[in-house]
Amino acid sequence: MKPTIKELLQLEPFKQSVEVQGWVRTCRSSGNLCFIEVTDGSCLAGIQVVAESVLENYTTIVKQLATGVSVLVGGILVPSPAKGQAVEVQAESITLVGDADPAVYPLQKKRHSFEFLRSISHLRPRTNALGAVMRIRSALSFAVHRFFNERGFFQIHTPIITTSDCEGAGEMFTVTALDPEKLQQQNPFVDDFFGQRAGLTVSGQLQAEIYAHSHGRVYTFGPTFRAENSNTSRHLAEFWMVEPEMAFCDLSCNAAVAEELIGELLTTVLDECSDDLALFDTFVSKGLFEKLERAADRSFIRMTYTEAIGELKKARKDFAFPVNWGIDLQAEHERFLCEELAGRPVIVTNYPKAIKPFYMRLDDDGKTVAAMDILVPGIGELIGGSQREERLQILQKRMEEAGLAQEEYDWYLDLRRFGSVPHAGFGLGFERLVQFVTGMTNIRDVIPFPRTPGTAFC
Ligand code: 4AD
Ligand code: MG
């Protein structure tokens with residue numbers, strides 16, 4: 001493979017021959033010279049190609065070099081006299097690979113709204129902003145694996161098709177091979193592909209718990225699906241979740257791992273993606289660098305749910321959802337806590353058991369569970385997690401209260417019957433992390449192919 005533009009830009013310009021392959025961002029000619037900026041997605045910057053009229057096909061090729069066409073350039077890498085770039089390429093040959101008719105190519109060089117770009121999901125990764133989002137997303141994904149690998153975690157590939165609804169919120173998409181009319185019959189899933197009702201996973205947690213009881217420290221990182229009809233800038237029907245699960249770990253150990261993970265991921269992007277981040281700091285979210293450095297450096301504020309309710313009441317703000325002990329915190333409450341009260345990420349723990357799933361460990365007061373949500377400025381909830389209930393009888397009681405059929409979760413109860421240990425874990429919403437890091441306001445713009453109610457392009 002030939003070097004990418006990112007690699008070329010780091011080479012010393014010892015008058016060496018190079019080949020550039022990419023797409024034209026701009027082309028302007030002046031007199032007997034033509035300056036062509038070529039990009040290839042490897043980094044935000046393009047490389048400047050200078051073509052002189054002595055080139056054999058100069059007159060024909062310059063006319064064809066519209067924004068978006070693909071080219072192959074052979075030439076010499078030389079120091080650049082222009083500002084803002086160390087090197088440029090003196091073209092010896094330019095070949096047009098693929099045309100892009102300016103009369104119809106939608107991505108002409110001007111600012112486009114993110115809404116418009118969503119309507120051309122197949123072309124938007126070629127823009128500066130969406131291109132930068134995807135490089136940052138890739139760096140974060142790699143950093144997630146490195147973080148866990150360096151700490152002795154094993155990656156477990158949990159299933160996408162599952163028969164357990166982990167969150168118990170009834171938001172599972174059903175997977176069926178039955179004809180639609182058969183679905184109207186009684187117990188239709190007995191005759192279905194799997195012989196029982198199956199769906200797309202809402203979380204890999206329950207399966208990760210199995211492996212935490214054999215391998216100690218594990219994590220899963222994959223797509224999850226929720227059929228919730230929330231058309232907000234923070235919800236997707238298909239999103240990626242990072243879910244570690246740790247044996248011999250309690251709530252405070254869980255919170256410490258989550259805090260360390262976020263700190264390390266932020267440090268990685270600050271170190272490795274500064275050019276791309278600068279674009280967001282300038283055009284999307286002023287003060288982004290400062291926000292990320294602050295979150296990476298300082299330890300998060302911890303408070304219990306009961307303390308959080310106290311703070312929200314004291315705030316005397318006109319919240320749309322009234323504040324009372326027992327309510328589920330709404331986005332406006334979460335944002336108040338981390339943005340106005342703390343000015344940095346906040347870990348809220350020990351929520352009322354009635355608003356949390358069956359698997360969370362019951363606290364000694366019998367009213368709250370060992371849950372934790374991590375709230376970050378601009379987003380609200382980034383992480384949801386808990387210490388799990390490891391005591392068989394208490395878990396059975398909680399399942400009964402939640403109306404779950406224990407036969408279906410017998411395997412889960414076996415983990416408590418045989419060698420049960422205190423254990424904990426959490427789920428980090430990967431797109432919300434990318435939103436936090438880039439400052440992008442809409443979650444649909446930080447995933448290549450957003451799936452939301454009414455939209456599933458290609
Ligand atoms: O809080 P949640 O629902 O937690 C779980 O699913 C646990 N089983 C995780 C665990 O303990 N292993 O989801 C975890 C995170 C949320 O904090 C949020 O960041 C993200 O997943 N999330 C979504 N992101 C985008 N679109 C949605 N519809 C999301 N729902 C949750
Ligand atoms: Mg949650």
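As the structure is a computational prediction, the values presented were derived from the model and not from experiment. Both counts, for ligands and for their atoms, begin at 1 and track the order of listing.
Here the two rings, on Phe418 and His213, have centers that are 6.0 Å apart or farther. For Phe153 and Phe147, the distance between ring centers is not under 6.0 angstrom. Taking the six-membered ring for Trp, His333 and Phe319 have ring centres closer than 6.0 Å.
Salt bridge annotation for Arg234-Glu381: absent, with no cationic side-chain nitrogen under 4.0 angstrom from a carboxylate oxygen. Between Glu259 and Arg302, at least one side-chain nitrogen of the basic residue sits less than 4.0 Å from a carboxylate oxygen of the acidic one, meeting the salt-bridge criterion.
Evaluation of the side chain to side chain contact (heavy atoms under 4.5 Å, CB included) rule for Pro159 yields Gln207 as partners, not counting sequence neighbours.
Within the protein, the N, O or S atoms sitting under 2.8 Å from the Mg ion (ligand 2) are Glu381 OE2.
Put simply, the side chain of Ser285 never gets that close to the backbone of Asp281: no donor and acceptor are under 3.5 Å apart.
In this structure, Arg146 forms no cation-pi arrangement with Phe148, as its terminal cationic atom is not both closer than 6.0 Å to the ring centre and no more than 45° off the ring axis.
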Please tabulate, one line per pair, the protein nitrogen or oxygen atoms found under 3.5 angstrom from a nitrogen or oxygen of ligand 1, with distances to 0.1 Å, or say none if there are no such pairs.
residue	atom	partner	partner atom	Å
ligand 1	1 (O)	Glu381	OE2	3.0
ligand 1	3 (O)	Arg226	NH1	2.8
ligand 1	3 (O)	Arg226	NH2	3.3
ligand 1	6 (O)	Glu167	OE2	3.4
ligand 1	6 (O)	Arg226	NH2	2.8
ligand 1	8 (N)	Glu167	OE2	2.7
ligand 1	8 (N)	Ser203	OG	3.0
ligand 1	8 (N)	Gln205	OE1	2.7
ligand 1	8 (N)	Tyr359	OH	3.4
ligand 1	11 (O)	Gln205	OE1	3.4
ligand 1	11 (O)	Arg388	NH1	3.3
ligand 1	11 (O)	Arg388	NH2	2.9
ligand 1	12 (N)	Glu243	OE2	2.8
ligand 1	12 (N)	Arg388	NH2	3.4
ligand 1	12 (N)	Phe426	O	3.4
ligand 1	17 (O)	Glu381	OE2	2.6
ligand 1	17 (O)	Leu382	O	3.4
ligand 1	17 (O)	Gly384	N	3.3
ligand 1	19 (O)	Leu382	O	2.8
ligand 1	19 (O)	Gly429	N	3.3
ligand 1	26 (N)	Leu236	N	2.9
ligand 1	28 (N)	Glu228	OE2	2.9
ligand 1	28 (N)	Leu236	O	3.0

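Listed by first and then second residue, the side chain to side chain donor-acceptor pair (under 3.5 Å) pairs that reach into residues 185-194 are Thr176-Asp192, sequence neighbours excluded.
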